[in-house]
Protein chains: 2
Amino acid sequence: MALEHAILVSLLEQPGSGYELSRRFERSIGHFWTATHQQIYRVLKRMESDGWIDVREVPQQARPDKKEYSVAAPGRAALSRWLHEPIEPESVRHDLAVKIRGAAFDDPAALIREVERHRRTHSDLLAHYLAGERRDFTGPGADGALDAGQELQHVVLRGGIAYERMTIAWLDDVLATLHRIGAPSPT
Amino acid sequence: MALEHAILVSLLEQPGSGYELSRRFERSIGHFWTATHQQIYRVLKRMESDGWIDVREVPQQARPDKKEYSVAAPGRAALSRWLHEPIEPESVRHDLAVKIRGAAFDDPAALIREVERHRRTHSDLLAHYLAGERRDFTGPGADGALDAGQELQHVVLRGGIAYERMTIAWLDDVLATLHRIGAPSPT
DNA sequence: TCTTTCTATGCAACTCGTTGCATAAACAAG
DNA sequence: CTTGTTTATGCAACGAGTTGCATAGAAAGA
């Protein structure tokens with residue numbers, strides 16, 4: 001389990017409430033680590049009772065009060081420990097790959113729309129990443145003038161960009177294949 | 001949940017026992033859908049009691065008897081229904097990305113070995129994929145002479161190959177970045 | 001012969017993750 | 001003034017997934 005660690009990293013980058021964390025997980029972090037708000041609140045509770053994080057009640061105007069969390073020394077130590085651990089192989093769940101192989105026992109042509117929809121989603125995400133890269137990592141302070149944290153955030157973002165580009169190219173390959181095997185025997 | 005569907009696809013491609021399925025999940029299928037043998041046995045039970053699959057006790061010499069499962073009509077219908085459903089967005093869990101961003105609050109150089117280890121794993125997997133491709137999808141019957149099922153298996157395999165190549169290139173980018181930010185301030 | 005390894009199946013307990021629901025404060029729109 | 005939306009937090013129940021353990025037949029090797 002590493003949700004705790006993902007939360008620690010996010011809180012180190014910027015302290016915030018459970019609500020704010022769940023928003024971040026929907027946006028940037030969620031692209032490589034998903035979590036619902038329920039999970040986040042539950043884990044935050046446990047982390048707080050373990051002394052990994054500190055809470056601060058923050059009264060707000062124009063909206064309900066919030067609890068702002070920040071990383072305490074034991075949390076930082078726990079993160080450091082995890083960072084030095086060997087690591088777990090990533091577990092994958094690719095529904096689409098299962099569907100593609102399953103299409104051999106059904107109508108392959110029926111998958112085309114689905115694959116096209118996926119392609120659009122990945123295309124949008126790529127555009128979103130590229131916009132973020134232009135916003136945060138180009139201009140006057142680009143290349144060399146960034147600190148270590150920004151460099152690392154940038155390389156993770158480049159990973160996301162590479163992933164989306166590869167996926168889009170592969171989905172085009174899938175579409176071409178579906179058309180090819182659909183064409184010879186239409187009736 | 002789609003473990004049921006992954007099992008259905010695997011059993012349609014080739015009937016087999018829970019043990020054989022768990023081996024397949026370790027090998028080919030496991031690259032895009034992981035599952036332990038416990039999970040597989042439990043789900044097989046449920047699928048059997050739901051009438052999705054049939055069992056056949058197969059006595060063997062030189063090893064314990066096994067239960068060979070094959071897909072029944074209701075299972076095929078369930079698979080078909082799932083194939084025509086809109087679809088779920090894939091959920092990702094990229095430990096390494098979390099670690100990389102976390103390295104900003106620790107020693108980035110300490111990550112280098114870890115990343116190198118990952119690179120080796122992905123490199124091995126790529127070689128394994130390429131060997132499988134050479135074995136199953138080249139030679140006399142290559143390109144045009146394959147049936148739909150083989151074409152679809154091939155395109156999924158090409159996806160795996162593309163993924164590994166992209167990942168290896170990205171890990172090289174990560175390594176270069178870690179070296180770059182480690183070099184300017186070593187002491 | 002005894003231990004180890006491979007095939008083959010499974011229970012029990014636990015943790016992780018999801019879904020549905022509930023609450024509440026503040027503002028905006030009708 | 002009621003309804004809807006956004007921010008903000010949380011419980012309860014369930015289902016998915018993991019870990020540890022147990023069993024058992026047969027072959028291989030020490």
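Below, chain A is the first sequence line, B the second, and so on; all start at residue 1. Computed from a predicted model, the values in this text were never measured in an experiment.
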Protein-proximity profile, nucleotides 13-24 of chain C, B/S/- by nucleotide at the 4.0 Å heavy-atom cutoff, equals B--SBBBBB---
Check B:Gly75 against B:Leu8 and note the closest heavy-atom contact, atom names and distance. O-CD1, 3.5 Å
Set of residues satisfying side chain to side chain donor-acceptor pair (under 3.5 Å) with respect to B:Gln150, sequence neighbours excluded: none
Are A:Arg24 and A:Glu13 ion-paired here, with the side-chain N under 4.0 Å from a carboxylate O? no
Which of residues 78-87 of chain B sit near DNA chain C, with a heavy atom under 4.0 Å from it? none
For atom CZ of B:Phe25 and atom C1' of D:dT18, their distance in whole Å: 16 Å
Can you figure out which of D:dT9, C:dG10, C:dT7 approaches the side chain of A:Lys66 most closely? D:dT9
Between A:Arg165 and A:Leu130 the two heavy atoms that sit nearest each other are NH2-CD2, 3.9 Å
Rounded to whole Å, CG of B:Leu21 lies from C1' of C:dG10 at a distance of 15 Å
Within this structure, what is the CG-to-P distance between B:Leu44 and C:dT9, rounded to whole angstrom? 9 Å
B:Ile161-A:Val92 co-clustered via ILVMFWY side chain contacts under 4.5 Å: no
Whole angstrom is fine here: how far is it from OH in A:Tyr19 over to P in C:dA26? 16 Å
The criterion is side chain to side chain donor-acceptor pair (under 3.5 Å); which residues satisfy it with A:His84, sequence neighbours excluded? B:Asp106
Does C:dG10 have OP1 or OP2 sitting under 4.0 Å from an N or O in the side chain of B:Tyr41? no
For B:Glu57 and C:dT7, give me the distance from atom CD to atom P, rounded to whole Å. 19 Å
Under 6.0 Å between ring centres, would you say that holds for B:Tyr163 and B:His31? no
Contacts of B:Glu26 meeting salt bridge (Lys or Arg N to Asp or Glu O under 4.0 Å) (sequence neighbours excluded), chain-then-number -> B:Arg23
A:Thr34: what forms a side chain to side chain donor-acceptor pair (under 3.5 Å) with it, not counting sequence neighbours? B:Arg93
Could you state the CZ-C1' distance from B:Arg23 to C:dT7, rounded to the nearest angstrom? 8 Å
In whole angstrom, give the distance that lies between atom CZ of A:Arg24 and atom C1' of D:dA8. 15 Å
Check this one for me: any side-chain N or O of A:Lys45 less than 4.0 Å away from OP1 or OP2 of D:dG10? yes
Please determine whether a side-chain nitrogen or oxygen atom of B:Ser17 lies at a distance below 4.0 Å from atom OP1 or OP2 of C:dT9. yes
Interatomic distance, B:Tyr69 OH vs C:dA8 P [rounded to whole Å]: 13 Å
